[in-house]
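A quick write-up on the structure given underneath.
Residue numbers run from 1 in the order of the sequence given.
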Amino acid sequence: MTPTRAACAALDAADPVAALRDEFTLPEGVLYLDGNSLGALPRHTAARIAAVVEQEWGQGLIRSWNDAGWYAMPRGLGNRIAPLIGAADGQVVVCDSTSVNLFKVLGAALRLRPGRRTVLAEHASFPTDLYITEGVTGLFDGARTVLLPTAADLDRHLGDDTAVVVLSHADYRTGELLDMAAVTERVHAAGALVVWDLCHTAGALPVELDRCAVDFAVGCGYKYLNGGPGAPAFLYVAERHQADARQPLSGWFGHTRPFAFEPGFEPAEGIGRFLTGTPPLLGLAALDASLDVWEKADLTALRATSLELTDLFLALVEPLGLESVTPREHARRGSHVSLRHPDGYAVMQALIARGVIGDFRAPDLMRFGFTPLYLRRTDVFDAAAHLAGVLASGEWQEERFARKGAVT
Ligand SMILES: Cc1ncc(COP(=O)(O)O)c(C=O)c1O
């Protein structure tokens, strides 16, 4: 039996995670189920950015590179993200976008396996991962990208020529979560290296990169980490690879002495060699502010609440007869739920018009993200009721809901 709204409210009241909602500014009348695409605005981010603009930039000017600690921020923020993804200090750095970081770590990984030329990636990966993988293999003599029909086909394709495997920890469409420890072990047994894309798990659930002996990982700052639109991304390189790793975008911020202005490239010690150019300070400041929220959050508790929220949503929408492509088993589920509908785009637009914001992934998936930092069980209850209302009324068939924007 599905719970009543009052039962949901009682559970919210008893859940310490629910209090973290006060850390965010959310618009009145909006049920925000898209934190898996763009995280909500933390309450103190605006003041932090204003301070950086007005004081550090406006008053400190170029002195702030030293005086305000700007220069150290990419490594410092990396160390703030590290505990969220199960990494010890000195293995994570914040820079560039996920796409660019994938290019860098994949290039480095291929160079660490010189006799091998195949990179395996999953066919259903977020397309940028495939585009970048093709781009990197195109630059290496004899290298090729082989697409796995699904992650379950990995074992059939792993072989003596496999250099690197690129996989998403949670699938951006279905929300399916892979077993990072088991998959990494199988890749290593074949003598290859693994790159994990953490875009849909960093900040959503506990990730254990060091414990799983992962080689490389990338992820973004604007989804569950709430760093703001286009926030800088992060990358992870296991300490054991750092001394030998050579990334292809060898810019001056990755040089061991950038301010010596020497003509030859000498990589910095450690993770710093994965930096490239001048970091976007305003973006770093917003991400830094959002990471303050994580000082108060316990990822294990968040994960428990997230699973409760997705369980609740799945139970509430079950009577609607929509197919869920999201796994039922907790161990295989990330933090979003995707429901199939042939007119999913229009249904989602009708929901958005009611203030229930999710998104749509072609060809037919309505995606609902459950971010326990700021979502309550009552929100889930109300969102499911709106979905039932939109379907029952047929309002999604209004012409205005079929019009596609550039971003879906
Ligand atoms: C799994 C995954 N990887 C990569 C990206 C894109 O990363 P970026 O645009 O920051 O390069 C996304 C964006 O949604 C994603 O979901």
Side-chain angles (χ1 to χ4, degrees), residues 19-28 30 32 35 37-85 87 89-98 100-101 202-203 219-236 249 251-261 268-297 371 373-374:
L20 291 164
R21 181 182 169 88
D22 294 341
E23 301 289 327
F24 292 87
T25 302
L26 289 157
E28 271 304 308
V30 163
Y32 193 58
S37 213
L38 173 64
L41 172 65
R43 198 171 285 285
H44 66 291
T45 296
R48 177 69 202 283
I49 294 181
V52 172
V53 169
E54 287 160 17
Q55 288 150 38
E56 296 182 10
W57 178 13
Q59 301 300 313
L61 293 164
I62 202 157
R63 294 169 290 193
S64 290
W65 280 104
N66 289 318
D67 299 350
W70 287 357
Y71 183 71
M73 278 184 83
R75 289 173 181 80
L77 293 198
N79 285 335
R80 294 195 77 187
I81 290 176
L84 303 178
I85 54 174
D89 271 13
Q91 300 178 106
V92 182
V93 76
V94 170
C95 52
D96 305 306
S97 63
T98 306
V100 173
N101 288 337
C220 67
Y222 51 77
K223 297 182 193 290
Y224 294 98
L225 295 181
N226 311 303
F234 64 87
L235 64 83
Y236 161 93
L249 294 181
W252 72 309
F253 265 67
H255 194 284
T256 189
R257 291 176 299 277
F259 287 87
F261 298 106
E269 285 285 307
I271 193 70
R273 64 182 51 192
F274 277 79
L275 294 174
T276 299
T278 309
L281 250 299
L282 301 183
L284 289 179
L287 182 60
D288 196 26
S290 72
L291 290 171
D292 291 348
V293 175
W294 290 98
E295 305 281 337
K296 301 173 191 164
T371 313
L373 280 174
Y374 46 80

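- For the atom pair F234 CZ and I85 CD1, the distance stands at 4.5 Å (nearest 0.5 Å).
- In this structure a side-chain-to-backbone donor-acceptor pair under 3.5 Å is present from S97 to V100.
- With respect to the salt-bridge test (charged N to carboxylate O, under 4.0 angstrom), the residues R75 and D89 do not qualify.
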From CA spacing to verdict: side chain to side chain contact (heavy atoms under 4.5 Å, CB included), T278, W65
CA-CA 11 Å; T278 309; W65 280 104; 3.6 Å; yes

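- When all heavy atoms of W252 and P258 are compared, the closest pair comes out as O-CB, 3.2 Å.
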Determine, stepwise, if the pair D292 / R43 fulfils salt bridge (charged side-chain N to carboxylate O under 4.0 Å, His left out).
CA-CA 11 Å; D292 291 348; R43 198 171 285 285; over 6 Å; no

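- How far CZ of F274 is from CD of Q91: 12.0 Å, rounded to the nearest 0.5 Å.
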For side chain to side chain contact (heavy atoms under 4.5 Å, CB included), just list the numbers for V293 and F24, CA-CA rounded to whole Å, side-chain angles, deciding distance to a tenth of an Å, and then say yes or no.
CA-CA 9 Å; V293 175; F24 292 87; 4.1 Å; yes

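- Counted within 6.0 Å of CG on L61, heavy atoms from surrounding residues, nucleotides or ligands total more than 12; the atom is thus considered enclosed.
- The shortest non-hydrogen separation linking C220 to T98 is CB-OG1, 3.2 Å.
- Residues Y32 and G35 approach most closely at CE2-N, 3.6 Å, considering heavy atoms.
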Could you please spell out the steps behind the side chain to side chain contact (heavy atoms under 4.5 Å, CB included) verdict for R21 and L26?
CA-CA 9 Å; R21 181 182 169 88; L26 289 157; 3.8 Å; yes

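- Between A231 and G221 the shortest heavy-atom distance is CB-C, 3.8 Å.
- Distance check, rounded to the nearest 0.5 Å: CG of N226 to OG1 of T45 gives 8.0 Å.
- Across every non-hydrogen atom of E269 and R273, the tightest pair is CA-NH2, 4.3 Å.
- Using cut-offs of 30° and 60° for the angle between ring planes, the F259 and F253 rings count as perpendicular.
- Distance check: S290 OG to L77 CG gives 8.5 Å after rounding to the nearest 0.5 Å.
- A heavy-atom distance below 4.5 Å is found between the side chains of R80 and D288.
- A donor-acceptor contact shorter than 3.5 Å is absent between the side chain of D96 and the backbone of A233.
- Considering OH of Y236 and CG of N101, their distance stands at 15.0 Å, rounded to 0.5 Å.
- Across L282 and V53, no two heavy atoms sit closer than the pair CD2-CG2, 3.8 Å.
- With rounding to the nearest 0.5 Å, the separation of CH2 in W294 from CG in L20 is 9.0 Å.
- The shortest distance between side-chain heavy atoms of L291 and L84 falls below 4.5 Å.
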